[in-house]
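The structure under discussion appears below in the form of structure tokens.
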Amino acid sequence: MYRLTGQVLSFFIFLISSLAYAADDTDCHVPEKIDQSTLLFTVDEEYSIFSPETVGLIEVVFNQGSLETRIIQERLTFVGRYVYQVLEKDFSMIKVSELDANTVSNYYLLLVCSSDIEGYYIYRLQGGEDMPGVSHWTGRYIIRLPQKPLGEE
């Protein structure tokens, strides 16, 4: 129980400091919507003690309330549903319900922008097969811009 309390306290301290940073006259905006978007997430190794198997690059494709999550280095893919909500111009939340074999994992991604296409995130898992209870970590995100066909400018 003590470890969980420390993790939860660390989560809220980081969240508050992130919000204070975001409120400090940032000149960026989180996306108004993420439908038809791909986001890349890196996991900060400093926080990997909460979930060591997730360190690396994660690609998430959002499409009309559905998502596909790919853990690049492990070649794993998961599918699920999401709801996206902009809370402030520089702060948003993605609520996700994802299916892993026969286990449903519910988690939140809190996004704080540092520019219009990148920023920091906090991940908080509620349940799941590999991490019972609550787990969380942080990292950076970037919005993958659509590529134009060769020859177009």
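Quick caveat: nothing in here was measured; it's all calculated off a predicted structure.
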Would one find more than 12 heavy atoms of other residues, nucleotides or ligands at under 6.0 Å from atom CZ of Phe78? yes
Would you name the heavy atoms of Tyr120 and Ser114 that are closest together and state the gap between them? CE1-CB, 4.4 Å
Which heavy atom of Ser105 sits nearest to which heavy atom of Leu125, and what is that distance? CB-CD1, 3.8 Å
Intermediate values then yes/no, ring-ring contact (aromatic ring centres under 6.0 Å, His included), Tyr108 and Tyr123: CA-CA 6 Å; Tyr108 302 90; Tyr123 171 100; 9.7 Å; no
Separation between CD (Glu88) and NE2 (His29), nearest 0.5 Å, reads 11.0 Å
Check each of Leu67, Leu109, Val30, Val96 against Tyr84 using the side-chain contact (heavy atoms from CB on, under 4.5 Å) test, and report the only one that passes. Val30
Measure the shortest side-chain to side-chain distance between Ile94 and Leu111 over non-hydrogen atoms and say whether it is less than 4.5 angstrom. yes
Check the pair Val79 / Ser66 against side chain to side chain contact (heavy atoms under 4.5 Å, CB included), numbers first and verdict last. CA-CA 7 Å; Val79 295; Ser66 297; over 6 Å; no
Is the number of heavy atoms from other residues, nucleotides or ligands under 6.0 Å of Glu32 CD greater than 12? no
Grab the two heavy atoms, one from Asp116 and one from Asp27, that are nearest each other, plus how far apart they are. OD1-O, 4.3 Å
Check Asp90 against Cys28 and note the closest heavy-atom contact, atom names and distance. CB-O, 3.9 Å
May I ask you to decide if the ring planes of Phe41 and Tyr141 are parallel, tilted or perpendicular, using 30° and 60° as cut-offs? tilted
Between OG on residue Ser92 and CD on residue Gln85, distance to nearest 0.5 Å: 9.0 Å
If you group Ile, Leu, Val, Met, Phe, Trp and Tyr by side-chain heavy-atom gaps below 4.5 Å, do Ile122 and Leu87 land in one group? yes
Using side chain to side chain contact (heavy atoms under 4.5 Å, CB included), reason through Tyr82 and Ile34 one step at a time and then give a plain yes or no. CA-CA 10 Å; Tyr82 75 92; Ile34 57 172; 3.8 Å; yes
Would a 4.5 Å heavy-atom cut-off, applied to side chains only, mark Val61 and Arg70 as touching? yes
Do Arg144 and Glu59 pass the side chain to side chain contact (heavy atoms under 4.5 Å, CB included) test, and can you show the C-alpha distance, the side-chain angles, and the key distance before you say yes or no? CA-CA 9 Å; Arg144 181 182 246 178; Glu59 178 182 59; 2.5 Å; yes
Would you please test Thr77 and Thr69 for side chain to side chain contact (heavy atoms under 4.5 Å, CB included) and show each step? CA-CA 5 Å; Thr77 301; Thr69 301; over 6 Å; no
Do the side chains of Leu57 and Leu40 get nearer than 4.5 Å, heavy atoms only? yes
Which is it for Arg140 and Thr42 under the side-chain hydrogen bond (donor to acceptor under 3.5 Å, both in side chains) test, yes or no, and what are the steps along the way? CA-CA 5 Å; Arg140 293 191 54 86; Thr42 61; 6.0 Å; no
Report yes or no: does Asp35 contribute a side-chain atom to a donor-acceptor pair with the main-chain N or O of Gln64 at less than 3.5 Å? yes
pair Ile142-Leu39: side-chain heavy atoms closer than 4.5 Å: no
Is Arg81 paired with Glu98 through a side-chain N to carboxylate O contact shorter than 4.0 Å? no
